[in-house]
Amino acid sequence: MNLFRFLGDLSHLLAIILLLLKIWKSRSCAGISGKSQVLFAVVFTARYLDLFTNYISLYNTCMKVVYIACSFTTVWLIYSKFKATYDGNHDTFRVEFLVVPTAILAFLVNHDFTPLEILWTFSIYLESVAILPQLFMVSKTGEAETITSHYLFALGVYRTLYLFNWIWRYHFEGFFDLIAIVAGLVQTVLYCDFFYLYITKGAPAVMPSLFSLLTVLKGKKLSLPA
């Protein structure tokens with residue numbers, strides 16, 4: 001444990017809490033991608049199946065439980081409790097384009113060909129792209145509520161802090177996990193344009209563009225803002 005990882009965990013937890021509070025207080029999940037939240041639930045489930053077999057610390061165990069519980073609570077709120085407010089018409093990203101390739105990659109590129117290790121690797125790969133349905137939805141609607149913007153920003157900060165965590169561990173512990181680092185870099189890059197808009201526009205309610213990648217996925221030509 002080091003400061004960067006601890007702050008990263010706090011930022012991740014803050015993002016999840018912000019999202020849950022947004023849904024519960026507004027009694028609405030408008031603007032939130034249910035598909036992204038399902039992917040995150042899959043990520044945490046696949047990653048923490050060792051919950052009862054691999055004890056590291058009380059902190060580690062508590063964080064695992066919280067992540068799993070919160071992710072499934074979010075999914076339940078979106079698809080059950082406040083289903084009437086869910087904007088499925090705009091949440092149209094084809095998640096099979098994320099799940100299938102990352103599952104195949106996990107089988108082909110992993111540290112150890114065992115069930116738990118493959119599932120852990122799959123969770124790492126899937127997490128790196130799980131936010132895409134949410135970003136695609138924001139790009140499609142052209143807007144994001146302030147709380148949703150804070151949620152996305154906190155997730156981006158979490159990934160950025162984890163990059164510093166890996167640098168710290170390599171420098172002071174000699175630890176180097178290429179799979180986690182590459183996946184983390186991919187995930188951080190996906191937030192870069194959002195970071196720019198969030199900081200320069202002060203977390204605006206309207207976001208006219210999000211990611212050139214998402215523009216391409218929507219079948220439109222790439223057009224950079226002036």
Side-chain angles (χ1 to χ4, degrees), residues 11-49 64-103 119 122-156 158-159 183 186-187 190-191 193-194 197-198 203 205-207 209-211 213-219:
S11 181
H12 194 184
L13 189 59
L14 174 64
I16 295 172
I17 292 175
L18 280 174
L19 188 63
L20 283 171
L21 286 177
K22 184 270 181 193
I23 297 174
W24 188 256
K25 293 187 70 174
S26 67
R27 317 297 288 182
S28 170
C29 54
I32 299 173
S33 169
K35 292 186 176 182
S36 269
Q37 297 310 312
V38 168
L39 291 180
F40 282 124
V42 172
V43 165
F44 295 133
T45 301
R47 184 174 303 171
Y48 300 139
L49 283 177
K64 289 179 179 180
V65 172
V66 168
Y67 287 148
I68 293 174
C70 287
S71 63
F72 278 96
T73 300
T74 304
V75 170
W76 174 73
L77 290 175
I78 294 173
Y79 287 103
S80 181
K81 181 70 173 178
F82 303 120
K83 183 179 180 180
T85 65
Y86 170 55
D87 187 9
N89 291 329
H90 288 118
D91 193 14
T92 57
F93 193 96
R94 301 284 297 275
V95 294
E96 60 267 30
F97 293 155
L98 303 178
V99 175
V100 174
T102 52
L119 286 171
F122 167 64
S123 76
I124 295 296
Y125 293 149
L126 185 60
E127 185 186 14
S128 69
V129 293
I131 199 61
L132 278 176
Q134 178 66 65
L135 297 176
F136 183 78
M137 186 175 183
V138 173
S139 178
K140 191 173 182 179
T141 60
E143 62 183 19
E145 294 182 17
T146 301
I147 294 297
T148 306
S149 300
H150 293 334
Y151 163 72
L152 292 171
F153 184 76
L155 280 182
Y158 144 65
R159 292 315 314 177
V186 170
Q187 190 172 0
L190 291 179
Y191 287 97
D193 190 48
F194 180 82
L197 290 173
Y198 184 96
V206 177
M207 298 183 182
S209 70
L210 267 178
F211 295 104
L213 170 62
L214 295 176
T215 305
V216 173
L217 286 173
K218 290 173 68 176

Taking side chain as C-beta onward, heavy atoms only, is [X] less than 4.5 Å from [Y]?
X	Y	answer
Y79	V38	yes
V99	L39	yes
Y151	I32	no
Y67	V43	no
T92	F136	yes
H150	L14	no
I78	K83	no
L98	F93	yes

Item to check | Set of side-chain hydrogen bond (donor to acceptor under 3.5 Å, both in side chains) partners for Y158, sequence neighbours left out | outcome: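 Y158 satisfies side-chain hydrogen bond (donor to acceptor under 3.5 Å, both in side chains) with E127 only.
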Item to check | Chi angles and distances behind the side-chain contact (heavy atoms from CB on, under 4.5 Å) call for R159, H12 | outcome: CA-CA 8 Å; R159 292 315 314 177; H12 194 184; over 6 Å; no
Any donor-acceptor N/O pair, [X] side chain to [Y] backbone, under 3.5 Å:
X	Y	value
Q37	V75	no
T85	C29	yes
S71	I68	yes
R47	S123	yes
S128	V186	no
S11	A154	yes
Q134	G31	yes

Item to check | Partners meeting salt bridge (Lys or Arg N to Asp or Glu O under 4.0 Å) with R94 (sequence neighbours left out) | outcome: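 So R94 forms a salt bridge (Lys or Arg N to Asp or Glu O under 4.0 Å) with E96.
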Item to check | Minimal non-hydrogen separation, S28 against A30, with atom names | outcome: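 Shortest heavy-atom contact: OG-N, 3.1 Å.
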Checklist outcome for this item: Rounded to the nearest 0.5 Å, the OG1 atom of T74 sits from the CG atom of L77 at a distance of 6.5 Å
